[in-house]
Amino acid sequence: MKKILLICIVFVCIIKVAAQTILPDETAVIDTETRKQCQQIVDKINTMPLKCDTAYFESRSSSGDTLFTRDEALFYNLTELYFDKNQRLRKYFHEGFVRDGENSHLTMNAWYDEKGNLIYISYDGDSHCDAIGGYFYIHTGQIVDFKTERDCGCCDDDEELTKEEIDNMRPVIGSSASEATIGWHESLANYIHAETLLSALNSDKDND
């Protein structure tokens, strides 16, 4: 019985989860009205009859063969663009994962107003060790509100972010959204405007 108890104690220590959330500084003033307007635009876009264009799709097995079933793929990459009746990008969706030692997975959604400005972006990802997630409300290229989360299932206490590290990482309300990062440390500048995003995607196509 003592041996079994010892094993259980050790196992609990191994799977200890360290979850951390980064929110705006307590002294920051959140423009709740602007955030509400951004959310209303997002809700309106979600009810629009948008045209979906699969900008990029790749799904392969361990042998390199092309697959069309997501659940069997070792490598999967899907990007979808949603346009309104005036051919303006209003919504972006991306999902990618690799089933290897890292087992990384990431999904991302972004919404754009009529002028192509990013108004809201959210992401959710995980790997064999980490889980991340968060969102940003954006207005005229500036951060209105945000939330980022990090959940490390294989980190020790000394690997958790310190208060000083969190303060250094924390985006500033009202600052340029282009200076922030999302997902696995990707620059938010890549998504700040529909034209920028479409140009990058077209460039990726040309290079394939």
Side-chain angles (χ1 to χ4, degrees), residues 7 10-22 42 45-46 50-83 89-112 118 120-136 146-156 158-161 169 177-178 180-208:
I7 292 173
V10 172
F11 181 70
V12 170
C13 291
I14 292 175
I15 64 171
K16 176 183 67 64
V17 175
Q20 293 179 293
T21 300
I22 300 179
V42 170
I45 293 173
N46 287 338
L50 302 176
K51 177 184 176 181
C52 178
D53 175 25
T54 302
Y56 187 85
F57 174 77
E58 185 176 7
S59 180
R60 297 188 181 279
S61 66
S62 57
S63 61
D65 297 329
T66 299
L67 297 172
F68 294 97
T69 55
R70 177 184 182 280
D71 294 338
E72 298 177 2
L74 176 71
F75 174 84
Y76 183 87
N77 197 344
L78 172 66
T79 298
E80 293 179 336
L81 306 173
Y82 293 83
F83 298 88
L89 179 65
R90 306 306 301 274
K91 188 175 179 180
Y92 164 87
F93 169 79
H94 172 77
E95 180 181 20
F97 62 76
V98 179
R99 291 192 175 101
D100 56 5
E102 184 70 16
N103 285 328
S104 61
H105 175 258
L106 180 69
T107 59
M108 192 173 299
N109 291 274
W111 286 259
Y112 295 86
L118 177 67
Y120 181 77
I121 187 168
S122 63
Y123 63 94
D124 182 65
D126 59 77
S127 68
H128 76 286
C129 180
D130 295 302
I132 57 173
Y135 62 78
F136 283 85
F146 70 88
K147 176 181 179 180
T148 65
E149 296 178 302
R150 173 179 179 263
D151 192 350
C152 185
C154 57
C155 294
D156 296 324
D158 58 359
E159 294 180 281
E160 294 183 11
L161 297 174
M169 293 173 59
S178 296
T181 58
I182 55 175
W184 303 111
H185 308 293
E186 183 178 6
S187 174
L188 190 52
N190 298 334
Y191 302 89
I192 201 64
H193 197 276
E195 184 177 347
T196 302
L197 176 61
L198 292 174
S199 177
L201 291 173
N202 288 331
S203 177
D204 290 342
K205 278 186 178 181
D206 294 338
N207 292 331
D208 288 340

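Model, not experiment: these values are computed from the prediction.
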Next item on the list: Check step by step if side chain to side chain contact (heavy atoms under 4.5 Å, CB included) holds for H193 and L118.
Entry: CA-CA 6 Å; H193 197 276; L118 177 67; over 6 Å; no
Next item on the list: Check step by step if side chain to side chain contact (heavy atoms under 4.5 Å, CB included) holds for Y123 and I132.
Entry: CA-CA 8 Å; Y123 63 94; I132 57 173; 4.2 Å; yes
Notebook entry, point to check: Could you go step by step and tell me if N46 and K91 meet the side chain to side chain contact (heavy atoms under 4.5 Å, CB included) rule?
Noted result: CA-CA 9 Å; N46 287 338; K91 188 175 179 180; 3.6 Å; yes
Margin query: Show, in sequence, the C-alpha distance, side-chain angles and deciding distance for Y191 and E186, and conclude whether the side-chain hydrogen bond (donor to acceptor under 3.5 Å, both in side chains) test is met.
Written below: CA-CA 10 Å; Y191 302 89; E186 183 178 6; 3.0 Å; yes
Next item on the list: Evaluate side chain to side chain contact (heavy atoms under 4.5 Å, CB included) for L198 paired with L81, printing each intermediate quantity in order.
Entry: CA-CA 9 Å; L198 292 174; L81 306 173; 3.6 Å; yes
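Between W111 and I45, the shortest heavy-atom distance links the atoms CD1-CG2, 3.8 Å. In terms of heavy-atom proximity, I192 sits nearest to S178 at CG1-OG, 4.0 Å. The minimum heavy-atom distance linking L106 with G183 is given by the pair CD1-CA, 4.3 Å. The shortest heavy-atom contact between C52 and Y82 is CB-CE2, 3.6 Å.
Using a distance-only test at 3.5 Å, with no hydrogens or angles considered, no donor-acceptor pair links the side chain of R90 to the main chain of F83. Using a distance-only test at 3.5 Å, with no hydrogens or angles considered, no donor-acceptor pair links the side chain of D130 to the main chain of D126.
Side-chain polar atoms of E95 and H105 form a donor-acceptor pair below 3.5 angstrom.
Side chains of M108 and I121 form a contact here, defined as non-hydrogen atoms less than 4.5 Å apart. In this structure the side chain of L197 reaches within 4.5 angstrom of the side chain of Y92, judged on heavy atoms. When side chains are defined from C-beta on, I182 does not count as touching Y135, because their heavy atoms never get closer than 4.5 Å.
Between F97 and Y76, the two ring planes are parallel [angle under 30°; tilted spans 30° to 60°]. Taking the six-membered ring where the residue is Trp, F146 and F136 present parallel rings, their angle staying beneath 30° rather than reaching 60°.
Residue N190 holds its CG atom at 11.0 Å from OG1 of T181, rounded to the nearest 0.5 Å. Note that the CG atom of L89 and the NZ atom of K51 stand 13.0 Å from one another [nearest 0.5 Å]. Between the CE atom in M169 and the NE2 atom in H185 there is a gap of 7.0 Å [rounded to 0.5 Å]. Here the straight-line distance linking atom CZ of F75 with atom OG of S59 works out to 9.0 Å at 0.5 Å rounding.
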